[in-house]
Novice: 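Could you have a look at this structure, given as structure tokens, before my questions?
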2 protein chains.
Amino acid sequence: MNDMRDFLADLELTGFTSRVKRLSDDILYSTRDYYKSQDLDIEPNWHLIFLLLEQKAMTLTEISEELRLSHPACVKIINKMKKMGYIQSEPDKTDSRKQILELTEKSLEMLPEFHKHWNAGIETIHEITADCAEILEQLQKIEEKLSQGSYKIRTLRNYYKQ
Amino acid sequence: MNDMRDFLADLELTGFTSRVKRLSDDILYSTRDYYKSQDLDIEPNWHLIFLLLEQKAMTLTEISEELRLSHPACVKIINKMKKMGYIQSEPDKTDSRKQILELTEKSLEMLPEFHKHWNAGIETIHEITADCAEILEQLQKIEEKLSQGSYKIRTLRNYYKQ
DNA sequence: TACATTTGTGTAACTGGTTACATGAATGAT
DNA sequence: ATCATTCATGTAACCAGTTACACAAATGTA
């Protein structure tokens with residue numbers, strides 16, 4: 001059964017980035033597949049936006065900062081959510097550049113059902129990380145390291161150290 | 001300094017998937033930035049293809065299986081690498097469907113320099129995961145869990161269990 | 001040998017991110 | 001009050017993956 005060999009895993013640290021991407025993509029596409037199978041007309045990356053707007057109305061820039069996602073990425077997501085009737089916007093009264101984004105009636109109606117699916121998904125994450133008690137702490141540590149010095153900065157330093 | 005708060009981290013398991021994606025994207029774009037800053041005309045996802053073809057010539061399907069990447073994804077990468085003169089192909093003598101992919105002279109000439117950059121990058125991964133001794137084992141465990149049952153299958157089960 | 005199936009590759013359309021650039025509104029400094 | 005700067009949003013072009021479909025070559029089977 002040599003079939004289980006994994007080129008990326010064999011590479012150890014060299015394959016780390018690709019494996020993280022593979023994991024991320026794997027869950028992403030599987031989530032989309034799940035929604036499709038349940039006839040839900042939502043996308044995986046809408047989840048956190050729903051959670052944010054469920055708490056309070058926000059502007060696009062605020063959302064982009066909360067999620068640490070570029071604002072053009074948020075524009076695309078929000079536009080699609082608007083098109084599907086889950087988000088509506090109204091201009092800010094004091095600053096005409098801003099548009100206040102909020103959930104529609106359709107959202108409020110669907111959210112209880114969506115939450116059931118999201119909870120099932122969180123349970124899945126719980127399952128697959130069950131043997132990795134400290135995975136969130138480790139993720140945190142890696143994020144902290146990268147916030148102290150980006151991959152680029154660190155790699156430049158390492159290159160010239162050689 | 002409440003600015004350091006991270007909505008995704010606060011969500012714990014709910015934010016796990018998005019944080020993994022954020023990490024993956026962060027490293028990916030920073031790597032591209034690095035290559036650009038060093039005037040290297042290569043893309044981050046070419047790394048493993050170089051490593052594979054450095055060992056032996058392979059077909060597109062073989063590469064796609066090794067990397068566990070869809071074959072259309074490989075087609076795109078390979079075409080770009082061909083266009084940039086790093087890969088050449090010749091038809092298989094016994095099976096005219098297959099094309100054998102191999103590195104060009106340009107590749108062989110550049111690889112020593114590329115390896116220096118890749119090694120600096122691996123050193124960076126080493127740095128940022130230094131406090132996470134068992135990160136590779138944990139990744140392995142998560143991959144194994146998902147290979148036993150996909151995110152979709154597990155989440156369906158969890159949904160109907162509710 | 002003829003025909004159905006599998007395999008290798010390619011293309012199209014999609015989601016999901018990025019950086020770079022543009023523009024009009026708000027803010028701040030002189 | 002004016003002008004430079006910053007801020008909020010939008011658009012374009014790009015990279016990176018997916019699934020679905022197409023098609024010819026190879027293989028297996030009756």
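Throughout, protein chains are lettered first and strands after them, A, B, ... in sequence-line order, and every chain is numbered starting at 1. Please read all numbers here as calculations on a predicted model, not as lab measurements.
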Novice: Determine whether N158(B) and E127(A) satisfy the following criterion, side chain to side chain donor-acceptor pair (under 3.5 Å), listing intermediate values before the conclusion.
Specialist: CA-CA 10 Å; N158(B) 292 330; E127(A) 280 173 24; 3.1 Å; yes
Novice: For D25(B) and for K98(B), find the nucleotide of DNA chain C with the closest heavy atom, then tell me which residue's nucleotide is more 5'.
Specialist: K98(B)
Novice: Enumerate the salt bridge (Lys or Arg N to Asp or Glu O under 4.0 Å) contacts for residues 49-63 of chain A, please, sequence neighbours excluded, ordered by first and then second residue.
Specialist: none
Novice: In whole angstroms, how far is the P atom of dG17(C) from the CZ atom of R68(A)?
Specialist: 16 Å
Novice: Using a strict cut-off of less than 4.0 Å between a Lys/Arg side-chain nitrogen and an Asp/Glu carboxylate oxygen, indicate whether K21(B) and D26(B) qualify as a salt bridge.
Specialist: no
Novice: Using a cut-off of strictly less than 4.0 Å, decide whether S70(B) has a side-chain nitrogen or oxygen near OP1 or OP2 of dT18(D).
Specialist: yes
Novice: Strictly under 3.5 Å: I want the nitrogen or oxygen pairs between protein and nucleotides 23-27 of chain D, one per line.
Specialist:
residue	atom	partner	partner atom	Å
dA25(D)	O3'	S96(B)	OG	2.8
dA25(D)	N3	R97(B)	NH1	3.3
dA26(D)	OP1	S96(B)	N	2.9
dA26(D)	OP1	S96(B)	OG	3.4

Novice: Within the distance-only criterion (no hydrogens, no angle test), does the side chain of R154(A) pair as donor or acceptor with the backbone N or O of K145(A) below 3.5 angstrom?
Specialist: yes
Novice: Give each protein N/O atom lying under 3.5 Å from an N/O atom of nucleotides 2-4 of chain D, with the pair distance.
Specialist:
none

Novice: What I want to check is whether an N or O donor and acceptor connect the side chain of H71(A) with the base of dG10(D) at under 3.5 Å.
Specialist: yes
Novice: Sort out for me which residue in L101(B), I42(B), I87(B) forms a side-chain contact (heavy atoms from CB on, under 4.5 Å) with M81(B).
Specialist: I87(B)
Novice: For C74(B) and for E62(A), find the nucleotide of DNA chain D with the closest heavy atom, then tell me which residue's nucleotide is more 5'.
Specialist: E62(A)
Novice: Base, sugar-phosphate, or nothing for P72(B), non-hydrogen atoms under 4.0 angstrom?
Specialist: base
Novice: Taking CD1 from I27(A) and P from dT18(D), how many angstroms apart are they, rounded to a whole number?
Specialist: 14 Å
Novice: Report the nucleotide, chosen from dA16(D), dT18(D), dA20(D), that has the shortest atom-to-atom distance to any side-chain atom of E43(B).
Specialist: dA16(D)
Novice: Among residues two or more places apart or on two chains, list those pairs meeting ring pair (Phe, Tyr, Trp, His ring centres under 6.0 Å) that have a residue in residues 111-136 of chain A.
Specialist: Y34(A)-H117(A), H47(A)-W118(A), F50(A)-F114(A), F50(A)-W118(A), Y86(A)-F114(A), F114(A)-W118(A), H115(A)-W118(A), H117(A)-Y159(B)
Novice: Whether N45(A) contacts dG17(C) is assessed here as follows: a side-chain N or O lying under 4.0 Å from the phosphate OP1 or OP2. Is that the case?
Specialist: yes
Novice: Specify the separation, in whole Å, of atom NZ of K93(A) and atom C1' of dA25(C).
Specialist: 18 Å
Novice: Is a side-chain donor-acceptor pair under 3.5 Å present for Q99(A) with E90(A)?
Specialist: no
Novice: Would you jot down, in residue-number order, the residues of residues 28-35 of chain A having a non-hydrogen atom under 4.0 Å from DNA chain D?
Specialist: Y29(A)
Novice: Taking the side chain of K21(A) as heavy atoms from C-beta outward, which of dT19(C), dT9(D), dA16(D) is closest to it?
Specialist: dA16(D)
Novice: For residues 75-87 of chain A, which residues have at least one heavy atom under 4.0 Å from DNA chain C?
Specialist: K76(A), I77(A), K80(A)
Novice: Work out which heavy atom in I128(A) is nearest to a heavy atom in I142(B); give both atom names and the distance.
Specialist: O-CG1, 3.5 Å
Novice: Nearest whole angstrom, please: distance from the C1' of dT9(D) to the CD1 of I100(A).
Specialist: 13 Å
Novice: Roughly how far, to the nearest 0.5 Å, is the CG atom of L146(B) from the OG1 atom of T124(A)?
Specialist: 9.0 Å
Novice: If you look at every heavy atom in R32(A) and P44(A), which pair is closest and at what distance?
Specialist: N-CG, 3.9 Å
